[in-house]
Amino acid sequence: MQNGIVPNGEASNSKSKLTSTQDVLRGLVDWLCSQLRNPTHPNCSVPTAMHCLATLLREQYVRALFVQADGVKLLIPLISPASTQQSIQLLYETCLCIWLLSFYDAAVDYLSTTRVMPRLVEVVKGSTKEKVVRVVIMSIRNLLAKGAFAAQMIDLGLPHIVQNLKAQAWTDEDLLDALNQLEIGLKDNLKKLSSFEKYKQQVLLGHLDWSPMHKDPSFWRENINNFEENDFQILRVLMTIIDTSADTTALAVACYDLSQFLQYHPSGRIVVADLKAKDRVMKLMNHENAEVRKNALLCVQRLFLGAKYASFLQT
């Protein structure tokens with residue numbers, strides 16, 4: 001070493017070297033993102049940018065730069081079923097980038113705000129190219145345990161899709177392993193999503209629909225005591241939905257759930273009466289929607305007459 005220069009011509013100051021490398025990578029990532037936003041060549045820019053990113057994103061530091069450059073959202077429109085060889089390769093490298101980003105929490109947080117899951121599911125439903133299916137399934141497997149992705153997967157019918165994929169003659173062992181792991185993970189999450197926590201999430205968000213748990217007797221028998229949490233918080237939220245919601249499905253489900261509570265909780269009529277539910281539900285007996293009227297009537301009958309007699313009247 002002479003005058004601060006090492007034999008390969010680089011400065012001996014390691015900090016300067018590191019900073020220089022970071023600056024180069026940042027500039028490169030920014031340029032690649034600019035090509036995805038505004039391609040300078042109609043046919044080459046996007047495929048070239050994706051090819052480079054599929055290599056660079058193997059490095060965690062580059063993943064951080066890519067997220068900082070707001071690049072994640074640029075990948076989403078590129079995830080769509082492909083037929084030509086060129087478009088299949090572009091799709092593969094895009095999904096490869098999603099897989100690499102699925103190991104980085106900041107990227108996963110951003111992905112959770114996009115429509116990446118419906119697009120991935122649509123691709124895996126229609127693709128016959130093994131490498132594409134493999135990288136998509138491996139991406140979905142990684143995302144399964146993150147945020148609300150599991151609920152999205154189940155809503156999109158992924159358990160059935162995975163069963164169909166497993167029945168096909170794949171040769172890639174990584175794909176077969178990922179399918180098995182995904183199937184097990186989806187089954188576990190399906191059980192959890194049928195639990196009181198899933199129900200509680202629906203109610204607190206006000207997003208009530210006729211999911212299977214509402215009419216499942218075992219759900220009410222097994223979880224009825226959970227309704228006592230936080231001074232019957234769930235019942236109070238159901239009453240708020242009944243008072244304020246303009247969604248007819250939410251109103252009907254809220255009335256039905258209240259009637260189920262009356263049926264299964266030993267002190268149901270006393271608790272619901274204390275919440276002054278009678279007048280609030282009776283208002284819905286004249287609602288313009290038939291489903292709302294029907295379930296409001298059931299609720300009022302159970303409140304006045306008791307569960308057994310009200311059920312008899314419904315038959």
Side-chain angles (χ1 to χ4, degrees), residues 21-146 149 165 170-179 181-182:
T21 302
Q22 291 175 341
D23 289 342
V24 169
L25 285 173
R26 182 177 288 106
L28 178 56
V29 169
D30 287 343
W31 182 81
L32 292 172
C33 289
S34 74
Q35 290 301 301
L36 294 178
R37 289 190 184 93
N38 299 296
T40 55
H41 190 283
N43 299 320
C44 298
S45 291
V46 172
T48 300
M50 289 311 309
H51 183 70
C52 293
L53 286 168
T55 299
L56 290 169
L57 288 172
R58 298 173 191 272
E59 299 296 328
Q60 183 160 333
Y61 178 67
V62 177
R63 296 171 197 164
L65 291 176
F66 188 65
V67 172
Q68 292 168 15
D70 204 19
V72 180
K73 68 180 182 184
L74 304 175
L75 303 181
I76 311 303
L78 302 177
I79 305 172
S80 59
S83 55
T84 66
Q85 187 61 39
Q86 184 179 17
S87 62
I88 289 172
Q89 184 63 23
L90 177 61
L91 174 61
Y92 168 71
E93 290 181 335
T94 303
C95 293
L96 180 58
C97 288
I98 296 294
W99 176 67
L100 292 168
L101 290 168
S102 70
F103 292 96
Y104 183 56
D105 287 344
V108 172
D109 289 343
Y110 190 94
L111 286 170
S112 68
T113 68
T114 72
R115 287 188 53 78
V116 66
M117 190 53 60
R119 285 181 172 270
L120 289 174
V121 170
E122 192 64 27
V123 165
V124 87
K125 280 168 59 178
S127 182
T128 57
K129 198 70 174 179
E130 193 166 51
K131 69 177 184 179
V132 172
V133 175
R134 181 187 69 237
V135 74
V136 171
I137 289 297
M138 291 173 67
S139 300
I140 292 174
R141 179 197 60 189
N142 284 2
L143 295 172
L144 178 63
K146 309 289 180 67
F149 280 116
L165 288 171
W170 307 109
T171 59
D172 190 298
E173 291 187 3
D174 288 340
L175 172 55
L176 296 173
D177 288 343
L179 283 169
Q181 293 171 20
L182 186 55

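Values reported hereafter were calculated over all heavy atoms of this structure, with side chains retained and with hydrogens, waters and symmetry mates removed.
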Given the rule in the side-chain contact (heavy atoms from CB on, under 4.5 Å) test, do Phe149 and Leu111 qualify, once you have shown the distances and angles that lead to the verdict? CA-CA 10 Å; Phe149 280 116; Leu111 286 170; 4.2 Å; yes
Name the one of Leu100, Leu57, Leu74 that satisfies side-chain contact (heavy atoms from CB on, under 4.5 Å) with Phe66?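 When Leu100, Leu57, Leu74 are each tested with Phe66, the side-chain contact (heavy atoms from CB on, under 4.5 Å) holds only for Leu57.
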Assess, by modelled atom type and distance only, whether the side chains of Gln89 and Lys131 contain a donor and an acceptor separated by less than 3.5 Å.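 Judged by distance alone, the side chains do pair up.
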Just so I know, are the side chains of [X] and [Y] near enough to count as touching, which here means a heavy-atom distance under 4.5 Å?
{"X": "Gln22", "Y": "Leu65", "answer": "no"}
{"X": "Leu179", "Y": "Trp170", "answer": "yes"}
{"X": "Ile140", "Y": "Met117", "answer": "yes"}
{"X": "Leu56", "Y": "Leu32", "answer": "yes"}
{"X": "Tyr61", "Y": "Arg26", "answer": "yes"}

Is there a donor-acceptor pair under 3.5 Å between the side chain of Gln181 and the backbone N or O of Arg141?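 Side chain of Gln181 to backbone of Arg141, a donor-acceptor pair under 3.5 Å: no, none is there.
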Ala69 to Val29 - nearest heavy-atom pair and separation: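 So the two residues come closest at CB-CG1, 4.3 Å.
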Within 6.0 Å of CZ in Arg37, more than 12 heavy atoms from elsewhere: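 Yes, enclosed.
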Within residues 55-79 or reaching into it, pairs that qualify as salt bridge (charged side-chain N to carboxylate O under 4.0 Å, His left out) - sequence neighbours excluded: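 Of all non-adjacent pairs touching residues 55-79, those that pass salt bridge (charged side-chain N to carboxylate O under 4.0 Å, His left out) are Asp70-Lys73.
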Evaluate the side-chain contact (heavy atoms from CB on, under 4.5 Å) criterion for residues Ile79 and Glu122: first the C-alpha distance (whole Å), next the side-chain angles of each, then the deciding distance (0.1 Å), finally the verdict. CA-CA 9 Å; Ile79 305 172; Glu122 192 64 27; over 6 Å; no
